[in-house]
Amino acid sequence: IWTFAETYMLRRVVRQSKFRHVFGQAVRNDQCYDDIRVSRVTWDSSFCAVNPKFVAIIIEASGGGAFLVLPLTKTGRIDKVYPTVCGHTGPVLDIDWCPHNDLVIASGSEDCTVMVWQIPENGLETPLSEPVVVLEGHSKRVGIVSWHPTARNVLLSAGCDNQIIIWNVGTGQAMINLEDMHPDVIFSVSWSRNGSLLCTACKDKKVRVIDPRKKKVVTEKDKAHEGARPMRAIFLADGNIFTTGFSRMSERQLALWKSDNMDEPICVQEMDTSNGVLLPFYDPDTSVVYLCGKGDSSIRYFEITDEAPYVHYLSTFSTKEPQRGMGYMPKRGLDVNKCEIARFYKLHERKCEPIIMTVPRKSDLFQDDLYPDTAGPDPALEAEEWFSGKNGGPILISLKDGYVSTKNRDLKVVKTNVLETKPTTKAEHPPTVQKHTPVQPSAVSLNVCVCLL
């Protein structure tokens, strides 16, 4: 276990890294999104999701839950009557853009439902209250939604009923229900690079690696961080696991683990005594992880390598204002001509501020060492293939000529008579929602078949 003092001594020997001089810069005021009432709900999600077309932000809403979806070019002051996505009857807790369709976003809410939405190509002109499909199966609020990284139409949700449900959005069915694995609230869920495994952090202080299709805990670590405050755990591209949490003395920590043997960490570093939960954002192409603490006014970034101390501190970007949440742009949405390696969308109390991370280079040519081929928008598998046991890594694309968005097709919905379907097993259909709230009947009264093309 590496202490902060030992890592500091190692840092005194200058380590060669192309990311040593990465610097962050906030954009000008006129390039921010102003006059946004960011949600005040007490939940440790990022409240913001970004893709190459839109930025989505969970906002305060009376009489239900709502989030804004703004085209990236829609900067400046946002009018109070700007249309929202407003179909939930309780506050929205988490949102996630589909990695295979830039017009499709999922949301989880206190109303116990997950909803999947189709955003018009040019953004919203009127409020959107009709989801393409409503996924009902949780009995308490849904705090986490996460799309499968490589399989089309596969969506995960985790609720305060301590359950994880994996849905086939193409049929509107709950295909996998992991209901007896977590005795307490699930703080985070992360897919592995090819989506064959899950990594979860739970309030019982355990980090678990789960094979969801076998419904089996592959390995677990008790007291990965001994403090009582929330942990986060994410898979890295090499299969290792990166965690953030708190020590018994309430110091914030980060740690690195081998997923096949979590008895001892590869390394542990203690950082500071702030009480904000550290949200990790990871770039698998560069092995750089960015830590954004809720309530902090800084972003710390580290490079992960196979040399001690394994997690190498790079730098800190600091501002004066604390962050309420943070969005992270996929690599294909960055400006490669400006050597931009990351872009964050920092939520203040009343605005969203883009922050650009850049590697200084003198040449204007494409920097192929900064931009190895990255995950593109095409899925490697169909939902049925993944549920039947197949795996597939991400389909990579080159960013040499910049990413050019292709036209996204609409979700096509075909409704079938639910009375004609055969009885299903418990795994396919979890218990109906006890705390039921009325939803648009057109979305839920029939078994829905959705095709995400």
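Given the structure is predicted, the values throughout are model-derived calculations rather than measurements.
- Under the 4.5 Å side-chain criterion, counting only non-hydrogen atoms from C-beta, S196 is in contact with N194.
- Using a cut-off of 4.0 Å between Lys/Arg side-chain N and Asp/Glu carboxylate O, E226 and R248 are scored as salt-bridged.
- Geometric assessment of K74 against the ring of F54 yields a negative cation-pi assignment under the 6.0 Å and 45° thresholds.
- Between M181 and K216, the closest heavy-atom pair is CE-N, 3.5 Å.
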The test is side-chain contact (heavy atoms from CB on, under 4.5 Å); show your working for V207 and E220 and say whether it passes.
CA-CA 6 Å; V207 171; E220 63 183 18; over 6 Å; no

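- Surrounding CG of D222 are more than 12 heavy atoms belonging to other residues, nucleotides or ligands, all under 6.0 Å away.
- The number of heavy atoms from other shown groups lying within 6.0 Å of NZ (K140) does not exceed 12.
- Environment of CG in N261: crowded, with over 12 heavy atoms of neighbouring residues, nucleotides or ligands closer than 6.0 Å.
- At distances below 3.5 Å, at least one donor-acceptor pair connects side-chain atoms of S188 with backbone N or O atoms of A233.
- Ionic pairing of K223 and D204 is not present here: no N-O contact between side-chain nitrogen and carboxylate oxygen is shorter than 4.0 angstrom.
- Residue R40 places its CZ atom among 12 or fewer non-hydrogen atoms of other residues, nucleotides or ligands, all under 6.0 Å distant.
- Applying the ring-ring contact (aromatic ring centres under 6.0 Å, His included) test to H148 and every residue at least two apart in sequence or in another chain returns W191, W386.
- Checked for salt-bridge contact, K80 and D35 meet the test: a charged N lies under 4.0 Å from a carboxylate O.
- A 4.5 Å side-chain heavy-atom check between D260 and T219 finds every atom pair outside the cut-off.
- Closest of all the heavy-atom pairs between V133 and G172 is CG2-CA, 4.3 Å.
- Under the ring-ring contact (aromatic ring centres under 6.0 Å, His included) criterion, W257 pairs with no residue, sequence neighbours left out.
- Checking side-chain atoms of S190 against main-chain N and O of F235 turns up a donor-acceptor pair under 3.5 Å.
- A search for side-chain contact (heavy atoms from CB on, under 4.5 Å) contacts involving D378 returns I395, not counting sequence neighbours.
- Shown here for G392 and T150, the closest heavy-atom pair between the two residues is O-OG1, 2.9 Å.
- Here K53 pairs with E121 in a salt bridge; the nearest charged N to carboxylate O distance falls below 4.0 Å.
- Partners of F281 by ring-ring contact (aromatic ring centres under 6.0 Å, His included), not counting sequence neighbours, listed by chain and number: Y328, F344.
- Annotation: side-chain contact (heavy atoms from CB on, under 4.5 Å) contacts of C86 (sequence neighbours excluded): A66, T84, P127, S129.
- The side-chain heavy atoms of I36 and L347, taken from C-beta on, include no pair separated by under 4.5 Å.
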Please walk me through it: do E60 and R37 pass salt bridge (Lys or Arg N to Asp or Glu O under 4.0 Å)?
CA-CA 6 Å; E60 284 286 286; R37 294 170 298 136; over 6 Å; no

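- Using a 4.5 Å cut-off on side-chain heavy atoms (C-beta onward), I299 and L291 make no contact.
- The two atoms that bring Y345 and C352 nearest to each other are CB-SG, 3.7 Å, heavy atoms only.
- Residue pairs meeting the salt bridge (Lys or Arg N to Asp or Glu O under 4.0 Å) criterion with at least one member in residues 82-107, sequence neighbours excluded: D102-R332.
- S192 places a side-chain N or O within donor-acceptor distance of the main-chain N or O of L197, the cut-off being under 3.5 Å.
- Evaluated for a side chain to side chain contact (heavy atoms under 4.5 Å, CB included) with F246, the options R229, H225, E251 yield exactly one hit, R229.
- The shortest heavy-atom contact between E340 and D335 is OE1-N, 2.8 Å.
- By the 6.0 Å contact criterion, NZ on K205 is enclosed, its count of non-hydrogen atoms from other residues, nucleotides or ligands being greater than 12.
- Of all heavy-atom pairs spanning R252 and G293, the tightest one is NH1-CA, 3.9 Å.
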Can you check salt bridge (Lys or Arg N to Asp or Glu O under 4.0 Å) on K331 and D283, steps first, answer last?
CA-CA 8 Å; K331 187 63 75 68; D283 178 3; 2.9 Å; yes

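- Two residues are said to be in side-chain contact when any heavy atoms from C-beta on lie closer than 4.5 Å; P212 and L178 meet this criterion.
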